[in-house]
2 protein chains.
Amino acid sequence: MSSVKILIADDHQIVLDGLKMVLSAREDFEVVGEASNGLEVLDFVTKNRVDIVVLDINMPGMDGIKCARKIKTDYPNIKVIILTMYAQKSFIEEIVKIGIDGCLLKNNTGKELSDAIARVHSGKSYYDQIQNFSKDDKELKEYSLSEREIEIIRKLGDGLTSSQIADALFISEHTVKTHRKNILKKLNLHSSSELIQYALNNGII
Amino acid sequence: MSSVKILIADDHQIVLDGLKMVLSAREDFEVVGEASNGLEVLDFVTKNRVDIVVLDINMPGMDGIKCARKIKTDYPNIKVIILTMYAQKSFIEEIVKIGIDGCLLKNNTGKELSDAIARVHSGKSYYDQIQNFSKDDKELKEYSLSEREIEIIRKLGDGLTSSQIADALFISEHTVKTHRKNILKKLNLHSSSELIQYALNNGII
DNA sequence: TTGTATTTACCCCTAGAGGGGTATTTCTAT
DNA sequence: ATAGAAATACCCCTCTAGGGGTAAATACAA
């Protein structure tokens, strides 16, 4: 049988090199491409045959989730495995909904990634430590941030005040303050400091 | 001649696996150990012969810089190469001062890491894109944060207010506000949001 | 078509942040 | 012995953040 054609995506070249070496150790795997962001992934899959895409969730430009959604919409036959730094409970529901085939923490061995790929290629799914993802859900109602809200979080990270953000986005300061209040409420946080830490740890920034 | 004995440290196992594969491709390299935080690194070098330590700068517990400083103090013969996600100008002076032998961005190929190791092992130093590190230094005077200041930054990241921090540390709220002002002034920042982003990107938190 | 989410915008209020000082004690290194 | 850094604590001030509402227009999906 022919080898499994794999596309790997991560924004750090050294991680890509490492993943490639790890996966190339198996004769039945073939890394056919590399990408450093979501757009490159989409571009690659339109032009090449790919069986499995291994996606880092934290990438500049188009993030892994958005990219995965688009792949699953346009190319439902391609299997998708998400690599993530943290157990991000905020994403697990969406990951399942989108139909992503596998999800594992970077805090894992290369062998486990190989196992996950083999399992997913055989049509099964592979969710690593899914219990870690669904913990801490006393607040089970999962909120997702809107595009505008994320835009505002990024500006906050740059140190802008509400009025400065308002100027930058050509909206009223009142609106910015409303967004900020909504964001904190959605995430059950109570200050911008907490928010920035959350955002960085969850790949929002 | 005997092979170069390398200890690699990163808090993500999958990256460790990748680095190990990349480095093992060279016959003159030998990865003799792995560590997921600074304390493990220090523990390892006390018990084993190591020529070169490759350190991720962002690790939980003891961060890469602190760890490097301790290695260079206690074992000056061990070479240290720092791996970092971002071009962190705030650290380059300290990195040079500590006597770290090499520094390169994760945004590099595995081959470049191999080259860096070979070069460092031969007694030279390897600084990748050092111009990226020293840019934007209109404010060239580098300040270092005190232990107390770092303690306060961490509390800020947890979302505590000045008065809450004061209660936690058994000091006056006035003192906390003084520390906060000093921190922002030292780093030339203007809000806690900026501060938290800076702290996370520079391994302070 | 009829909700639901999103984005926009305003009101109220209190508490806290940020920036300008000054000043003491303690500790450390020269 | 003495200069310097660090940690402590207080004064002043203005502006912003955070939290409580309400409500409109748009857009999108069941």
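Convention: sequence-line order gives letters A, B, ...; per-chain numbering from 1.
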Rounded to whole Å, please give me the gap between [atom1] in [X] and [atom2] in [N].
{"X": "A:N182", "N": "C:dA5", "atom1": "CG", "atom2": "P", "result": "13 Å"}
{"X": "A:L184", "N": "D:dA17", "atom1": "CG", "atom2": "P", "result": "11 Å"}
{"X": "A:K186", "N": "D:dG18", "atom1": "NZ", "atom2": "C1'", "result": "18 Å"}
{"X": "A:I153", "N": "D:dG18", "atom1": "CD1", "atom2": "P", "result": "12 Å"}
{"X": "B:R148", "N": "D:dT8", "atom1": "CZ", "atom2": "C1'", "result": "9 Å"}
{"X": "A:I152", "N": "D:dA17", "atom1": "CD1", "atom2": "P", "result": "12 Å"}
{"X": "A:I183", "N": "C:dT8", "atom1": "CD1", "atom2": "P", "result": "12 Å"}
{"X": "B:E151", "N": "D:dA7", "atom1": "CD", "atom2": "C1'", "result": "11 Å"}

Do [X] and [Y] come within less than 4.5 Å of each other through their side chains, counting heavy atoms only?
{"X": "A:R180", "Y": "A:L156", "value": "yes"}
{"X": "A:K181", "Y": "A:K185", "value": "no"}
{"X": "A:I71", "Y": "A:V53", "value": "yes"}
{"X": "A:I152", "Y": "A:L169", "value": "yes"}
{"X": "B:I6", "Y": "B:L23", "value": "yes"}

Exercise. State whether A:R119 and A:D115 are salt-bridged, where the test is any N-O pair (Lys NZ or Arg NE/NH1/NH2 against Asp/Glu carboxylate O) under 4.0 Å.
Key: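 No, no charged N to carboxylate O under 4.0 Å.
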Quiz item: Are A:E151 and A:R148 close enough for a salt bridge, meaning some N to O gap below 4.0 Å?
Solution: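 Result for this pair is yes, salt bridge flagged.
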Self-check item: Residue-level proximity of residues 161-180 of chain B to DNA chain D when a heavy atom falls under 4.0 Å
Solution: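 Those residues whose heavy atoms fall under 4.0 Å from DNA chain D, taken from residues 161-180 of chain B in numerical order, are B:I171, B:S172, B:H174, B:T175, B:T178, B:H179.
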Quiz item: B:H190 side chain N/O closer than 4.0 Å to the phosphate oxygens (OP1, OP2) of C:dG19?
Solution: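 So the side-chain polar atoms of B:H190 do come within 4.0 Å of the phosphate oxygens OP1 or OP2 of C:dG19, strictly under.
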Quiz prompt | Per B:K181 side chain, nearest of listed nucleotides C:dG20, C:dG18, D:dG21 | solution =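 So the side chain of B:K181 is nearest to C:dG20.
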Self-check item: Among C:dG18, D:dA7, C:dG19, the one nearest B:S191 by side-chain distance
Solution: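 Nearest to the side chain of B:S191 among the choices is C:dG18.
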Quiz item: Which distance, rounded to the nearest 0.5 Å, do you find between the CD of B:E173 and the OG1 of B:T175?
Solution: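 With rounding to 0.5 Å, CD (B:E173) is 9.5 Å from OG1 (B:T175).
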Quiz item: To 10°, what angle do the rotation axes through the five end pairs on each side of the helix from C:dT1-D:dA30 to C:dT30-D:dA1 form?
Solution: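 What I find for the helix from C:dT1-D:dA30 to C:dT30-D:dA1 is an axis angle of 60°.
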Self-check item: Criterion side-chain contact (heavy atoms from CB on, under 4.5 Å) on A:R49 and A:D51, from CA distance to verdict
Solution: CA-CA 7 Å; A:R49 199 201 115 194; A:D51 296 317; 3.0 Å; yes
